[in-house]
Amino acid sequence: MTPADTTEFRNQLRGELIEPADERYETERRVYNAMIDRKPRMIVRCADVADVIAAVHFAQKQKLQVSIRSGGHNAGGLGVWDDSLVIDLSPIKFVHVNPVTSRVRIGAGCTWGDVDHAMHVFGLAVPSGIVSSTGVGGLTLGGGIGHLTRKFGLTIDSLLAADVVLADGSFMVASADQNSDLFWAIRGGGGNFGVVTSFLFQAHPVQMVCAGPMVWPLDEAADVMKWYREFIVDAPEDLNGFFAFLTVPPAPPFPEELHFKKMCGIVWCYTGPLEQANRLLEPARAHRKPAFEFFAPMPFPTVQSMFDGLYPSGLQWYWKADFVDQLSDEAIALHVKHGSQLPTLHSTMHLYPINGAAHRVTDTDTPWNHRTATWSEVIVGVDPDPANADHVTAWARNYWKALHPFGSGGAYVNFMMDDEGEQRIRDTYGENYNRLAAVKAKYDPGNFFRVNQNILPKASD
Ligand SMILES: Cc1cc2nc3c(=O)[nH]c(=O)nc-3n(C[C@H](O)[C@H](O)[C@H](O)COP(=O)(O)OP(=O)(O)OC[C@H]3O[C@@H](n4cnc5c(N)ncnc54)[C@H](O)[C@@H]3O)c2cc1C
């Protein structure tokens with residue numbers, strides 16, 4: 001690559017091209033997880049689809065590896081790769097809401113906070129995750145689990161269409177009617193098939209919710225988990241609740257006497273009639289009185305950003321995950337053992353329900369296999385101090401190793417680092433893997449997009 005090649009590329013762009021010599025290179029190469037420290041060759045901050053097309057052509061011509069970044073939240077930092085051209089979509093930020101059809105078109109550079117802000121005024125929401133700084137791009141393409149999963153399904157279940165730039169630089173719309181094989185593949189197959197520049201979603205009527213945590217002492221954790229495993233399966237779909245081991249943060253609304261205490265908890269979010277919300281949680285209170293609860297009416301964007309302050313960008317993260325069908329007494333005992341040993345304030349274990357509406361889509365309707373699992377489990381070792389990186393990693397790995405035999409095979413791709421290996425990806429997609437490989441062979445036969453939980457191209461026999 002000559003300087004003239006780079007200049008020619010730069011001149012094609014409406015956005016910026018950032019190289020290692022540029023002052024902003026150090027900040028622009030960073031991702032949310034500070035455990036990741038990669039040095040790309042260049043970062044192209046795409047202003048529009050034309051910039052994305054130019055970037056793909058340039059990378060192909062120069063034989064450069066590409067990585068794709070939307071929100072930069074990926075666990076394994078797959079938005080940035082060493083020596084690659086980073087296709088940074090974060091400047092493509094717009095949210096166009098059609099209040100008549102309740103459809104919303106979202107630019108790939110948006111975070112879910114951007115989306116919630118623009119939609120809330122219309123009393124609408126799209127199912128997403130639990131932290132508002134997460135990118136729409138990566139979360140959606142991997143599936144999307146969050147506070148609205150039991151009510152409206154995974155994020156991909158509300159996706160209607162996407163604009164995609166393919167490996168040869170061509171542009172395609174993927175929907176149920178146009179390029180339906182590509183549309184199937186991107187609903188869970190991650191960034192394997194192209195660069196998605198915008199998403200069209202069907203939004204849902206959600207404005208005020210009742211939400212917040214209940215916490216119990218650790219010596220009641222086994223009992224609470226046993227109650228929770230029965231309750232959440234049959235609870236009304238308006239009610240979502242994920243189980244957690246946590247250290248109580250030293251901040252309101254938690255009372256001072258609980259600050260820094262290791263506890264277990266359930267974080268609820270109820271989208272039904274507010275007057276019924278408290279009645280629904282009476283069984284939880286009756287079973288074991290929580291040491292503290294904060295369950296109150298709030299705007300949906302408030303619950304979506306409830307954890308933002310605790311988890312700013314720049315912490316050290318190590319993730320391990322599994323899908324779980326059944327929570328046996330034996331598994332619960334191991335959860336309590338390892339969950340009681342949370343190594344730091346920020347480290348946690350979450351069990352996200354993926355039942356309710358998420359179960360009404362079959363395992364093969366989208367690539368997102370394991371629809372029949374009941375939970376997506378994630379164990380995250382987190383701390384601000386890089387000196388603790390090995391410590392939190394070892395805890396997460398040990399916890400996961402103990403619980404993995406109780407998993408149902410595979411894990412949510414968005415909760416994986418970059419160290420899981422090919423078999424793990426195959427287990428995750430199960431019977432859908434070969435179909436994904438065939439779609440990959442059609443749209444990206446050279447595996448140009450391979451900085452992801454990679455699906456190897458293979459034409460069907
Ligand atoms: C604090 C935190 C909380 C989280 N909570 C949840 C949660 O509640 N629910 C949940 O489901 N997940 C959650 N996640 C996981 C999250 O879904 C993944 O980390 C996801 O990859 C983040 O998307 P992003 O756009 O921010 O990531 P990026 O790092 O920007 O991208 C990740 C990867 O996705 C692909 N990709 C991203 N955008 C595009 C695009 N436009 N076109 C093609 N490929 C693309 C690329 O392969 C890229 O490498 C959480 C992550 C964090 C760090």
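Source: prediction; values computed, not measured. For ligands, and for the atoms within them, numbers begin at 1 and follow the listed sequence.
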request  = Using heavy atoms and a cut-off under 4.0 Å, could you grab the residues that are in contact with ligand 1, chain by chain, numbers ascending?
outcome  = Tyr32, Ile68, Arg69, Ser70, Gly71, Gly72, His73, Asn74, Ala75, Leu78, Gly79, Leu89, Ala108, Gly129, Ile130, Val131, Thr134, Gly135, Gly137, Gly138, Leu139, Leu141, Gly144, Ile145, Gly191, Gly194, Val195, Val196, Trp317, Trp319, Tyr412, Asn414, Phe415, Val451, Asn452

query = Should the pair Arg435 and Trp184 be classed as cation-pi, given the thresholds of under 6.0 Å to the six-membered ring centre and 45° from the axis?
reply = yes

inquiry  = On a heavy-atom basis, which atom in Arg426 and which in Asn434 lie closest, and how many Å separate them?
reply    = NH1-OD1, 4.4 Å

Closest approach of His370 to Thr428 (non-hydrogen atoms, all atoms of both residues) =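 Looking at all heavy atoms of both residues, the shortest contact is CD2-O, 3.3 Å.
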
inquiry  = Tell me whether Arg24 is salt-bridged to Glu16, with the criterion being a basic N under 4.0 Å from an acidic carboxylate O.
reply    = yes

query = Strictly under 6.0 Å, is that where the ring centroids of His346 and Tyr311 end up?
reply =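 Close enough - the centres of the two rings lie under 6.0 Å apart.
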
Ring centers of Trp268, Phe242 separated by less than 6.0 Å = no

